[in-house]
Amino acid sequence: MNSETVRISHSPIDTAAETRAVAEAASNIGAVVTFSGICRADEKGAQISALHLEHYPGMAEQEIESHVEEARKRWPLFAARVVHRVGRIMPGETIVFVATASAHREAAFAAAEFIMDYLKTSAPFWKKTEGGGKEIWVDANEKDERAAARWQK
Amino acid sequence: MNSETVRISHSPIDTAAETRAVAEAASNIGAVVTFSGICRADEKGAQISALHLEHYPGMAEQEIESHVEEARKRWPLFAARVVHRVGRIMPGETIVFVATASAHREAAFAAAEFIMDYLKTSAPFWKKTEGGGKEIWVDANEKDERAAARWQK
Amino acid sequence: MKIVYFAWLRERLDKTEEDVDLPASVETIGDVIEWLKTRGEEYALAFDNPKVIRAAINKTHVRAEAKIAGASEIAFFPPMTGG
Amino acid sequence: MKIVYFAWLRERLDKTEEDVDLPASVETIGDVIEWLKTRGEEYALAFDNPKVIRAAINKTHVRAEAKIAGASEIAFFPPMTGG
């Protein structure tokens, strides 16, 4: 896996370029799955004007890389890529992007979901919403904890 | 759903543009999942120079549309799009593209997988490989039948 | 009745479609197949293995038992391999 | 010992990091939290609910029982909300 597999980005993510890089990583790729987590214009019913994403530099990359490595042990992947945005993010912009490439679709789908589920619960990122003059830290989601738990062997 | 949801394409699919159209379909989209089925350079170990995709015009669109409708009944989707290529397809080119958009990732992932599983087993398309001077029809895959069966209630 | 063929069925029969006059005794898709098989060796060979034949009436999947009454277009093709 | 804080913990303590001299009796992450809570009201409030505090030693997730021997950097933060 090259050093580009996991990246923290302070500027908007070019999901088309990232997808292309994964899709072209090998000649026998038959399936590419991408996931884009997008900043919604509302959070729990309240309009927001922006999100602030904070991360723990060093640990964030390490955590995601270890999840990608675990995914590669479980499924035959030709390539994987995770880009996580930090800083101020506007509605409609991509917060996190995951792409996986395999010979067949089952592995590509499962690996992308697996990476996202773990990223949600154990990668050190924190979201704060900005809207109506207030800044509010987003609470952790129990549903995410359950989603990650389903992969435990 | 607009008339662009399902399309048969005789020319290469612009997956970046298709993804953008789905991602921008609503302001509260939080998750976009895409699947690209790509023409591999080999099929069961043998090198191929191209694929030929034949379809049943009218029925192909109808079948896919009904699967997309079923997905929309099962999961809360803001948008969905399926583009299936026909004609002569070169290795590395996209054969089928599926994109789903929802508020949350679970629905987007499940709907994309569901649409692909059904498309594989019931949309009237047929593949022929071209390579080494021979043209060979691809056999149907039992694994695909099982994948589709798992969604039956 | 208009009958259309796809993939290797189309190739083996060397036709994409044909118009046929089905006898009144032909009531189901299975009957159509049996009747087609009497039309020549290429049909007998193409329809030899029923496991690899799929059918549609008016662009909707049907089984061999399906009645053809009301059909305007019958299609025969191998199992789908798209996607 | 270097201690770093993130998200609302960072905001409530009004610091991103600090260097502290931990007494020898402080052996686990749980001990560090108890010791920090004695340092002032802002600490006592920030660390009031242990359920919403996560910790890392040298950038690896650990539980409250984890020994801090060998640690060069301890981090405290709320449950993660990335992705």
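When reading the values below, keep in mind they use all heavy atoms of this one structure, side chains included, and skip hydrogens, waters and symmetry mates. So that the names make sense, note that chain A is the first sequence line, chain B the second, and so on, each numbered from 1.
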Of the backbone (N, CA, C, O) and the side chain (C-beta and beyond), which part of B:His52 lies under 4.5 Å from a heavy atom of chain C, both, or neither?
-> neither
Taking every heavy-atom pair that is under 4.5 Å apart, which of B:Pro124, B:Ser122, B:Gly37 has the most such pairs with chain C?
-> B:Ser122
Decide, yes or no, whether a salt bridge links C:Arg39 with C:Glu18 under the criterion of side-chain N to carboxylate O below 4.0 Å.
-> yes
Checking B:Ser66 against chain C: side chain, backbone, both or neither under 4.5 Å from a heavy atom?
-> neither
Between C:Val4 and chain B, which part of the residue has a heavy atom less than 4.5 Å away: side chain, backbone, both or neither?
-> side chain
Under a 4.5 Å cut-off applied to non-hydrogen side-chain atoms, are B:Lys127 and B:Ile95 in contact?
-> yes
Of all of B:Phe97, B:Phe125, B:Phe35, which one pairs up most often with chain C through heavy atoms under 4.5 Å apart?
-> B:Phe125
Has C:Asn49 got more than 12 heavy atoms of other residues, nucleotides or ligands less than 6.0 Å from its CG?
-> yes
Identify which of C:Pro79, C:Ala56, C:Pro78 forms the greatest number of heavy-atom pairs closer than 4.5 Å to chain B.
-> C:Pro78
Indicate whether any N or O donor in one side chain lies under 3.5 Å from an N or O acceptor in the other, for B:Thr121 and B:Asp144.
-> no
Do the side-chain N and O atoms of B:Trp151 and B:Glu70 include a donor-acceptor pair separated by under 3.5 angstrom?
-> no
By a 4.5 Å heavy-atom criterion (distance strictly below it), what part of B:Lys120 contacts chain C: side chain, backbone, both, or neither?
-> both
Side-chain contact, heavy-atom cut-off 4.5 Å: B:Glu63 with C:His61?
-> yes
